[in-house]
**Q** 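Before we start, here is the structure in question, set down as structure tokens.
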Amino acid sequence: VQLRAFGGGLVQAGGSLRLSCAASGFTSVYYTIGWFRQAPGKEREGVSYISMSGSSPFYATSVKGRFTSSRANAGNTVYLQMRNLKPEDAAVYYCAARRGNRLIASRWTEERLYDYWGQGTQVTVSS
């Protein structure tokens, strides 16, 4: 069972990147997916969360209006479209999968509730 986040890179402030989260060994369509990030010297934080249907994703306040989560390929691939990137968005981004019902808004950032974690992808934003 593997979960992999990819698509990171170096971008100038104000630019865009799209991250992808792909699963192998299990069908991620039955899982809800969380995006997290960790900057050097900081704790990992929740960025976004998307349900199995892809409807009504949750977002951290710091990225709301700039980041968009979506699902494609019958739900087996999840994307995080990041626009108007800021230097403070620079971090290693991870996706995590949770089997089961959609988490409520107050709990989607709880890392212990996720079953699988992927290796992260580095996002660097130059000012």
Side-chain angles (χ1 to χ4, degrees):
V1 173
Q2 277 194 327
L3 198 63
R4 187 171 68 99
F6 58 97
L10 172 64
V11 63
Q12 286 189 329
S16 299
L17 279 175
R18 188 177 78 164
L19 305 184
S20 301
C21 177
S24 60
F26 68 99
T27 304
S28 65
V29 67
Y30 299 117
Y31 290 73
T32 59
I33 302 292
W35 285 98
F36 293 79
R37 67 185 182 186
Q38 187 168 23
K42 295 187 177 181
E43 292 189 356
R44 190 156 55 186
E45 61 176 352
V47 175
S48 183
Y49 175 77
I50 191 166
S51 65
M52 285 184 276
S53 69
S55 63
S56 304
F58 296 141
Y59 298 99
T61 301
S62 59
V63 306
K64 199 172 293 185
R66 300 186 298 119
F67 290 13
T68 304
S69 289
S70 61
R71 301 189 81 130
N73 296 335
N76 212 37
T77 304
V78 175
Y79 302 104
L80 182 68
Q81 177 69 52
M82 306 185 295
R83 297 181 175 88
N84 189 21
L85 282 160
K86 303 176 181 181
E88 52 264 40
D89 294 318
V92 177
Y93 283 71
Y94 302 87
C95 59
R98 168 185 163 79
R99 186 175 180 89
N101 293 331
R102 173 187 173 101
L103 292 169
I104 60 176
S106 61
R107 302 201 69 187
W108 68 270
T109 59
E110 293 182 34
E111 297 181 24
R112 65 181 181 85
L113 297 179
Y114 292 83
D115 301 299
Y116 301 113
W117 286 82
Q119 290 187 331
T121 185
Q122 177 73 50
V123 172
T124 304
V125 184
S126 62
S127 55

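None of the values given here were measured: they were computed from a predicted structure.
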**Q** If we only count heavy atoms from C-beta on, is the Ile33 to Tyr114 side-chain gap below 4.5 Å?
**A** no

**Q** Linking I/L/V/M/F/W/Y whenever their side-chain heavy atoms sit closer than 4.5 Å, directly or via other members, would Tyr94 and Tyr49 fall into one cluster?
**A** yes

**Q** Which residue pairs pass the disulfide (SG to SG under 2.5 Å) test with at least one member in residues 26-58, sequence neighbours excluded?
**A** none

**Q** Kindly give the heavy-atom pair with the smallest separation between Asp115 and Arg99, and that separation in Å.
**A** OD2-N, 2.8 Å

**Q** Do the side chain of Arg66 and the main chain of Asn84 share a donor and acceptor less than 3.5 angstrom apart?
**A** yes

**Q** Quick one: closest heavy-atom pair of Ala90 and Ala39, and the distance?
**A** O-CB, 3.6 Å

**Q** Are the side chains of Leu80 and Ser48 in contact, using a 4.5 Å heavy-atom criterion?
**A** yes

**Q** Work out which heavy atom in Trp35 is nearest to a heavy atom in Ala5; give both atom names and the distance.
**A** CZ3-CB, 4.0 Å

**Q** With rounding to the nearest 0.5 Å, note down the distance linking CZ in Phe6 to SG in Cys95.
**A** 9.0 Å

**Q** Evaluate the side-chain proximity of Tyr59 to Ile50: yes if any heavy-atom separation is below 4.5 Å, no if none is.
**A** no

**Q** Who passes side chain to side chain donor-acceptor pair (under 3.5 Å) against Ser53, sequence neighbours left out?
**A** Ser51, Ser55

**Q** Tell me whether the NZ or CZ atom of Arg98 lies within the 45° cone about the ring axis of Tyr31 and under 6.0 Å from its centre.
**A** no

**Q** Is it the case that the side chain of Tyr116 and the backbone of Leu3 share a donor-acceptor pair, with hydrogens and angles ignored and the cut-off at 3.5 Å?
**A** no

**Q** When rounded to the nearest 0.5 angstrom, what is the spacing between CD in Gln12 and OG in Ser127?
**A** 9.5 Å

**Q** What distance separates Ser69 OG from Tyr79 OH, expressed to the nearest 0.5 Å?
**A** 12.5 Å

**Q** Output all residues satisfying side chain to side chain donor-acceptor pair (under 3.5 Å) with Arg83, sequence neighbours left out; order by chain, then residue number.
**A** none

**Q** When you compare the side chain of Met82 with that of Val123, does any pair of heavy atoms fall below 4.5 Å?
**A** yes

**Q** Establish, yes or no, whether a centroid distance under 6.0 Å links the rings of Phe36 and Trp117.
**A** yes

**Q** Check side chain to side chain donor-acceptor pair (under 3.5 Å) between Glu111 and all other residues, then give those that pass, not counting sequence neighbours.
**A** Arg44

**Q** Could you pull out all residues at least two apart from Glu45 that satisfy side chain to side chain donor-acceptor pair (under 3.5 Å)?
**A** Arg37

**Q** Listing request: all disulfide (SG to SG under 2.5 Å) pairs with a residue in residues 97-127, at least two apart in sequence or in separate chains.
**A** none

**Q** Are there over 12 heavy-atom neighbours, none belonging to Gln38, within less than 6.0 Å of that residue's CD?
**A** yes

**Q** Measuring only between side-chain heavy atoms, which start at C-beta, is Thr32 closer than 4.5 Å to Trp108?
**A** no

**Q** Compute both the distance and the angle, then confirm whether Arg102 meets the cation-pi test with Phe58: under 6.0 Å from the six-membered ring centre, within 45 degrees of the axis.
**A** yes

**Q** Which heavy atom of Val63 sits nearest to which heavy atom of Val47, and what is that distance?
**A** CG2-O, 3.6 Å

